[in-house]
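To start, the structure under review is shown below, and the notes come after it.
The chains referred to below are lettered A, B, ... by the order of the sequence lines, with proteins before strands, and numbering in each begins at 1. What you see is a predicted model; the values in this text were computed from it and never measured. As a basis for the values below, the full set of heavy atoms in this structure was taken, side chains included, without hydrogen atoms, waters or symmetry mates.
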Amino acid sequence: MRAAPGSPAPDEPPRKARYTPAAIEEKWRDRWERDRLAATPDDSSDPNFYFVTMFPYPSGDLHVGHWYAMTPSDTAARFVRMRGHNVLFPMGFDAFGLNAENAAIRTGVHPSDNTERNMANMRRQFRLMGAMIDWRREVVTCHPDYYRWNQWLFLKLYEKGLAYRAKAPVNWCPKDQTALANEQVINGLCERCDTPVTKKDLVQWFFRITEYADELLTFEGIDWPERVRVMQTNWIGRSEGAEFSFGVDGAADRIPFFTTRPDTIFGATFMVLAPEHPLVDKITTSARRAEVDAYVAATRQATEIERTSAERSKTGVDTGAFAVNTFTGERIPIWIADYVLATYGTGAIMAVPAHDDRDFAFARTYGLAIREVISADGTEHTDLALAYTGPGVMVRSGRFSGMTSEEGKRAVAEDAKERGIGGPSVTYRLRDWLISRQRYWGTPIPIVHCSSCGIVPVPEDQLPVELPYDVEFTPDGGSPLARKRSFIETTCPSCSGPAEREADTMDTFVDSSWYIYRYPDPRIDTAFMNEAVAKKWLPVTRYTGGIEHAILHLLYARFVCKALADLGHLWFREPFTHLRNQGTIVFKGSKMSKSRGNVQAPDEYVARYGADTLRLFMGFMGPWTAGADWDASGIEGVHRFLHRVWDIATAPPSGGVRDAELDGYVHRTIAKVTLDLEKYHFNTAISALMELSRELLHASGPSRGDGVRTLLLLLAPLAPYITEELWERRGGTTSIHRERWPEADLATAARREITLVVQVDGKVRDRLTAPAGLDDAAAEAAARKSERARAALAGRPVTHTIVVRDRLVNLVTK
RNA sequence: GCCGGAGUACCCCAACGGUAGAGGGAGCUGAUUCAAGACCAGCGUAGUGAGGGUUCGAAUCCCUCCUCCGGCACCA
């Protein structure tokens with residue numbers, strides 16, 4: 001007769017209890033909740049430590065990518081806690097966003113209802129993870145008690161001149177029907193939906209992040225990955241040079257332009273304006289107008305990808321107007337071309353075809369003059385085959401001729417300054433943060449438009465401007481708020497006359513730019529932050545999150561922190577003292593996302609192996625910062641490990657004497673795991689614990705008992721359920737998660753016996769077992785006695801030896 | 001094109017300039033079993049992308065190149 005799977009045959013003796021994750025995990029979820037294990041006090045005898053991991057968008061499911069982000073962060077936070085800190089590890093939801101609104105258009109379910117339902121499910125999933133989250137401090141950005149302070153932030157920035165309204169050619173996503181910030185355009189595609197982005201002239205709200213460009217480059221006093229600092233530095237794109245202006249021939253207008261090569265100004269044989277440049281219309285001659293207008297119109301229709309492709313051949317149109325090169329006195333033609341960007345510098349350039357690849361190509365195409373003014377060898381050349389962009393000596397440059405290009409850069413800029421036509425200048429690639437969104441599911445911008453008073457901010461005491469629930473979602477994609485008359489129609493706070501509300505909402509990155517200030521007391525309704533409580537926590541001691549936010553969220557959050565500091569609301573200028581980014585989890589080579597339909601659900605793994613196994617596997621896949629391709633085939637390995645831990649820890653204790661070897665092994669493991677967890681090296685920490693478990697498997701006696709205890713403590717932050725259960729079964733009366741982290745004792749950890757490697761001329765020839773701590777002479781003597789080493793020496797004299805204490809002896813003959 | 005990061009066994013990955021192997025997966029052998037699985041014990045395979053250099057000694061540092069990943073890219 002065959003026993004049913006999983007149940008012992010009736011005639012077998014009763015077996016020892018097996019590891020059954022589902023049962024013990026549910027038991028501890030309840031117990032921890034009942035005991036409020038995750039509730040962090042604001043004051044404790046342990047020093048406070050504010051550990052935050054980026055909060056998720058409530059898509060409805062915590063997929064494998066979320067587990068990869070969250071559970072190792074939870075492990076790191078638990079580790080810090082066991083090491084004697086009072087750790088606040090909060091969670092919330094970045095709950096506004098276009099996904100919910102698009103779903104509403106598709107399915108008719110209101111974004112608010114949909115979001116609430118999704119959050120409820122995700123809270124349940126967080127509970128499965130076993131993350132030690134203080135839910136009393138939850139922040140939900142779509143609730144009026146949160147976004148009210150979004151509006152407050154907007155008003156403060158507005159008062160300070162850091163929020164402003166301007167008409168500009170903005171990035172427009174035709175699918176999402178809204179403007180986008182530059183940071184949200186990835187390779188010309190909408191960050192959300194991969195639709196090619198076009199340009200549109202719109203009046204929009206901006207935050208003046210460029211005001212902080214230089215400070216954002218400093219990263220002072222913060223420990224951030226090099227990679228993120230480099231990405232932000234590239235994004236800000238500081239460029240030193242000079243700004244000059246040339247006058248328009250026969251008109252009063254001057255055209256300012258930026259250049260990094262003032263030394264080439266004598267070679268400026270024409271100018272190029274961006275098609276959107278404000279002077280284009282004014283200076284274009286009537287003979288050229290039709291062609292210019294057509295070109296401008298064509299440019300506007302082109303997508304960002306079409307426009308910025310570097311491979312594309314250069315196109316442009318002559319405006320018929322001329323500028324005067326102040327340095328040469330020449331009249332030079334003014335062209336427009338789409339390779340000049342309206343949003344960089346001044347939207348105009350002096351074209352120096354001899355020394356710029358792009359200008360060279362353009363001049364060749366349209367037969368414009370090319371004049372060499374920088375020479376590599378100091379002699380003058382004609383008929384350049386290519387632009388020369390390197391350094392050299394200035395030629396054909398009036399009194400500057402003979403200077404090196406480096407000298408010339410300064411001299412020309414200084415000369416221009418004296419003559420009042422320009423001077424040294426700095427330009428950034430970073431542009432102001434466009435925060436208006438022509439959508440519903442976001443924070444209403446607290447502004448009223450009054451026909452007599454103009455733009456009027458909503459007074460603080462009238463906040464929040466609540467998002468109306470009852471709006472119409474239509475497939476045309478237009479903003480539901482703009483059509484909601486009862487929302488739009490209002491009275492002017494200033495003159496009480498009829499007025500209209502701003503219909504745009506804020507970019508959701510505004511919401512997430514300051515949520516860390518809200519966590520310490522998310523319920524305070526008199527300020528954006530409970531300063532007294534926040535002072536105990538802020539700034540964030542450690543922050544973790546995906547590398548994909550390197551320039552989006554992380555740059556915005558730094559800006560808002562600095563702005564709030566300047567407004568007198570914060571006492572620090574960097575929000576995140578210490579940052580680490582996990583890499584991206586991909587599935588079969590592409591990033592996991594709901595829209596791609598390749599989301600891997602953790603649920604079946606949790607059901608089959610338990611949350612502990614999945615948590616462990618997240619850390620075991622490889623270096624956390626590297627990310628990984630999702631492949632669950634290795635999950636069995638960590639699951640077997642937990643079974644082994646279970647078997648070891650439930651085995652009855654045995655008598656005997658202490659085992660110094662095993663004690664040493666245990667203490668070396670403590671040292672190793674401690675170091676690894678400090679560095680977020682979960683994979684090698686788990687590996688060390690697997691080794692330890694194998695050592696303990698066949699051990700006995702008191703050393704074994706202590707070893708098992710240590711194993712459980714070291715494993716507790718990684719696998720909170722099984723360790724808690726085993727702790728209790730072994731007699732623990734309080735939670736293992738309130739225990740202190742073990743300390744490695746160096747004397748116990750020290751090896752008594754080592755393997756001494758004997759090399760001859762750097763090649764390994766023998767391995768000797770020797771007592772630890774031999775001095776150099778004794779080690780050398782032992783090495784010289786080695787038969788194998790002598791054979792390798794073959795009688796050659798040893799000229800000198802290298803001894804590495806307790807490791808190797810190298811006998812060198814040459 | 002520019003700037004980062006990475007190339008180690010069949011796969012995922014370890015290795016303060018000092019024994020190339022910690023761990024896991026897959027595979028194989030044995031023990032156990034009526035048998036299978038689980039479990040236990042054990043096994044192997046690379047000389048570290050290529051080529052130079054520095055060094056007593058290089059996966060590790062330097063140079064050149066190749067491949068992959070990420071960022072920036074007509075940014076004046």
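Side-chain atoms of A:Y19 and A:T650 include no donor-acceptor pair closer than 3.5 Å. Side chains of A:Y665 and A:E691: a donor on one and an acceptor on the other come within 3.5 Å.
Side-chain proximity of A:T259 to the nucleotides B:rA73, B:rC74, B:rA76 is greatest for B:rA76. Of all nucleotides listed (B:rA76, B:rC3, B:rC72), B:rA76 comes nearest to the side chain of A:S239.
Summarising the base pairing, B:rA46 is matched to no nucleotide, lacking a Watson-Crick or G-U wobble pair whose two defining distances lie under 3.5 Å. For B:rG4, the paired nucleotide is B:rC69, the pair qualifying as Watson-Crick or G-U wobble because both relevant distances are below 3.5 Å. With a cut-off of 3.5 Å on both Watson-Crick or G-U wobble distances, the partner of B:rC13 is given as B:rG21. For B:rU29, the paired base is B:rA41 (Watson-Crick or G-U wobble, both distances below 3.5 Å). Across all strands shown, B:rU60 remains unpaired; no Watson-Crick or G-U wobble contact has both distances below 3.5 Å. Here B:rC34 sits opposite no nucleotide as a Watson-Crick or G-U wobble pair (both hydrogen-bonding atom distances under 3.5 Å).
As rounded to whole Å, 12 Å separates atom P of B:rA76 from atom CG of A:D359. Rounding to whole angstrom units, CG of residue A:L554 and P of B:rG71 are separated by 15 Å. Here B:rC56 presents its C1' atom at 14 Å from CG of A:D776, a figure rounded to the nearest Å. Atom CG in A:L697 sits about 12 Å away from atom P in B:rC39, given to the nearest Å. In this structure, A:L696 places its CG atom 14 Å from P of B:rC40, rounding to the nearest Å. Atom CZ of A:F362 and atom P of B:rA76 are 18 Å apart (whole Å). The distance from atom CG of A:L555 to atom C1' of B:rC72 is 14 Å, rounded to the nearest whole Å. B:rC72 atom P lies 10 Å from atom CD of A:E183, rounded to whole Å.
Listed by chain and residue number, A:D761, A:L793, A:R796 satisfy the side chain to side chain contact (heavy atoms under 4.5 Å, CB included) test with A:T813 (two or more places apart in sequence, or in another chain). Applying the ring pair (Phe, Tyr, Trp, His ring centres under 6.0 Å) rule to A:H639 yields the partners A:Y609, A:H643; only residues at least two apart in sequence or on another chain are considered.
Side-chain contact between A:L555 and A:L430 is present, with heavy atoms from C-beta onward closer than 4.5 Å.
With RNA chain B read from its 5' end, the first of the two nearest nucleotides for A:E226 and A:Y344 is the one closest to A:E226. The residue among A:R261 and A:M621 whose nearest nucleotide of RNA chain B is located toward the 5' end is A:M621.
Rounded to whole Å, the separation between the C1' atoms of B:rG18 and B:rA9 comes to 23 Å. The same atom, P, is picked in B:rC69 and in B:rC28; the two are 34 Å apart, to the nearest Å. Between B:rC12 and B:rA22, the distance separating the two C1' atoms is 14 Å to the nearest Å. Comparing B:rC11 with B:rA73, their C1' atoms are spaced 36 Å from each other, to the whole Å. Look at the P atom in both B:rU32 and B:rG27: the space between them is 23 Å, to the nearest Å. Using P as the reference atom, B:rG42 and B:rA31 are 15 Å apart when rounded to the nearest Å. Distance check on atom C1': B:rA14 versus B:rA6 gives 15 Å, rounded to whole Å. Annotation: B:rU8 and B:rG49 have their C1' atoms spaced 10 Å apart (nearest Å).
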Would you give me the side-chain donor-acceptor pairs under 3.5 Å for residues 271-280 of chain A, sequence neighbours excluded?
| residue | atom | partner | partner atom | Å |
| --- | --- | --- | --- | --- |
| A:E276 | OE2 | A:R307 | NH1 | 2.7 |
| A:H277 | ND1 | A:L279 | N | 3.1 |

Atom pairs and distances, donor-acceptor, side-chain atoms in residues 236-243 of chain A, under 3.5 Å, two or more places apart:
| residue | atom | partner | partner atom | Å |
| --- | --- | --- | --- | --- |
| A:R238 | NE | A:D214 | OD1 | 2.8 |
| A:R238 | NH1 | A:E240 | OE2 | 2.8 |

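At a threshold of 4.0 angstrom between heavy atoms, the contacts of A:H698 are confined to the sugar-phosphate backbone, with no base atom among them. Within 4.0 Å of A:I551, counting heavy atoms only, lie sugar-phosphate atoms of the nucleic acid but no base atom. Counting non-hydrogen atoms under 4.0 angstrom, A:R227 reaches the backbone sugars and phosphates but no base.
For A:F270 and A:W335, the ring centers are positioned 6.0 Å apart or more.
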Open item on the list: Return a single string for nucleotides 16-29 of chain B, one symbol per nucleotide in 5' to 3' order, where B is base contact, S is sugar-phosphate-only contact and - is none, cutoff 4.0 angstrom on heavy atoms.
Closed with: B-BBS-BBSSS---
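The salt bridge (charged side-chain N to carboxylate O under 4.0 Å, His left out) contacts involving residues 666-688 of chain A comprise A:R83-A:E678, A:K672-A:D676, where partners must be two or more places apart or lie in separate chains.
Here B:rG4 is in the anti range [glycosidic angle more than 90° from 0].
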